[in-house]
Protein chains: 2
Amino acid sequence: MIEDLKLFSRLAGMTAPTDPAPSAVKSRLLDLMVALGTAHWQDYAATAAQHGLTSVQARLLAQVTAPVPMRGLAEQLGCDASNVTGIVDRLQARGLVVRESDERDRRVKNVVATDEGLATIQRIRAEMQATHTALDALTEDERVTLYALLERLRPGLENRD
Amino acid sequence: MIEDLKLFSRLAGMTAPTDPAPSAVKSRLLDLMVALGTAHWQDYAATAAQHGLTSVQARLLAQVTAPVPMRGLAEQLGCDASNVTGIVDRLQARGLVVRESDERDRRVKNVVATDEGLATIQRIRAEMQATHTALDALTEDERVTLYALLERLRPGLENRD
DNA sequence: CATGGATGCTTAAAGGCATCAAGTATTTGG
DNA sequence: CCAAATACTTGATGCCTTTAAGCATCCATG
């Protein structure tokens, strides 16, 4: 692991001047991000499954901290509005959310989390064992550094319509 | 952004001594990882979709650098073997992979990527625009640091059966 | 050698996710 | 007032996923 760090320091130095070819670090970093992203996602899905939820149901539920119209959920999830209908149907059938008609615009239905819904999503967050374990492997300072680096990655990743 | 780093350095210092309560950094880092993981995953799926592949199909294809038995693919994808049958069926229908009977054990069928399959997966990797853009926001040194940190996260995340 | 138990793969059924096209309310702007 | 836009739902189709069951092949033990 420490060898790895040295290896990449050398690689970094080698391509430093003008960085003409795509960096070897970048390529390997991409692989690593795919691998970790997948593993992390599976942790999320597995934890949600322990509460009888699919990952997309958990993701939707997490968005409902305040009343949200269906349309808004569709945008946040990056999927078709017709899709949200079914997901909310199933969450509602389990008593985790409720649909409320908007008074100002009667076309709109706002989704509201029930107490049980709020409790469930909080529990899922707390129970993501693999992710917690992984983060425990870092010192607090390292977490700060990681946070800062990931924060800088965010702008490039988020503006996908 | 730099303020953020200072903020978290302070937070880190505050919880330093014995770290009794769950760290605030850890909690925010978890949120960030969920957000970035999702965004990154969507980039992956969208890029694969441009080549008419689902994300799982792309993921499977990426595993087939050498002949792999169906069972091996199921383990690498973390899903049931019966699932792999259908995914390989569809990839095979598009001419991206081929099934070959293993000579030593005739129960086994090895999946082999065609030239077109190899080319496709390479193109998808190269075309993950959002991810590449995001990584370009970092300097080479920062990428090295990020790689080293993520590498340390891996053991905790990967040993999920 | 024979056979019973693994092992590798496939099929079928059932449920959820995703997109598209079409349909119903409701609002809004000319 | 009426046409277009908007919010949501429904239905069709296809893929993913799991479970249970089935077939072929291997292997270990008697």
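Model, not experiment: these values are computed from the prediction. Only heavy atoms go into these numbers, but all of them, side chains included; no hydrogens, no water, no symmetry mates. Reminder, nothing fancy here: chain letters follow the sequence lines and each chain counts from 1.
Within the 3.5 Å criterion, the main-chain N or O of Leu138(B) finds no donor-acceptor partner in the side chain of Arg152(A).
Scanning for side-chain contact (heavy atoms from CB on, under 4.5 Å) contacts around Leu118(A) gives Ala113(A), with sequence neighbours left out. Qualifying salt bridge (Lys or Arg N to Asp or Glu O under 4.0 Å) partners for Asp105(B), counting only residues two or more places apart in sequence or in other chains: Arg107(B). Remark: Arg106(A) pairs with no residue by the salt bridge (Lys or Arg N to Asp or Glu O under 4.0 Å) rule, at least two apart or across chains. Asp80(B) meets the side-chain contact (heavy atoms from CB on, under 4.5 Å) test with Ser82(B); sequence neighbours excluded. Applying the side-chain contact (heavy atoms from CB on, under 4.5 Å) criterion to Thr114(B), with sequence neighbours excluded, gives Val98(B), Glu116(B).
Apart from Val108(B) itself, the hydrophobic cluster it occupies contains nothing, where clustering links Ile, Leu, Val, Met, Phe, Trp and Tyr at side-chain heavy-atom distances under 4.5 Å. The hydrophobic cluster containing Val88(A), built from Ile/Leu/Val/Met/Phe/Trp/Tyr side-chain heavy atoms closer than 4.5 Å, also comprises Leu53(A), Val56(A), Leu60(A), Leu61(A), Val64(A), Val68(A), Met70(A), Leu73(A), Leu77(A), Val84(A), Ile87(A), Leu91(A), Leu96(A), Val97(A), Val111(A), Ile121(A), Ile124(A).
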Summarise how protein sits on nucleotides 14-20 of chain C as a single string, 5' to 3': B when a protein heavy atom is under 4.0 Å from the base, S for sugar-phosphate-only contact, - for no contact. --SSBBB
Once each nucleotide of nucleotides 2-8 of chain D is scored for protein heavy atoms under 4.0 Å, what B/S/- sequence comes out, 5' to 3'? ---BBSS
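Taking atom CZ on Arg106(B) and atom P on dC23(D), their separation rounds to 18 Å, with Å as the unit. One atom, CG of Asp89(B), and another, P of dT10(C), lie 7 Å apart when rounded to the nearest Å. The nearest whole Å value for the distance from the CD atom in Gln92(B) to the C1' atom in dT10(C) is 13 Å.
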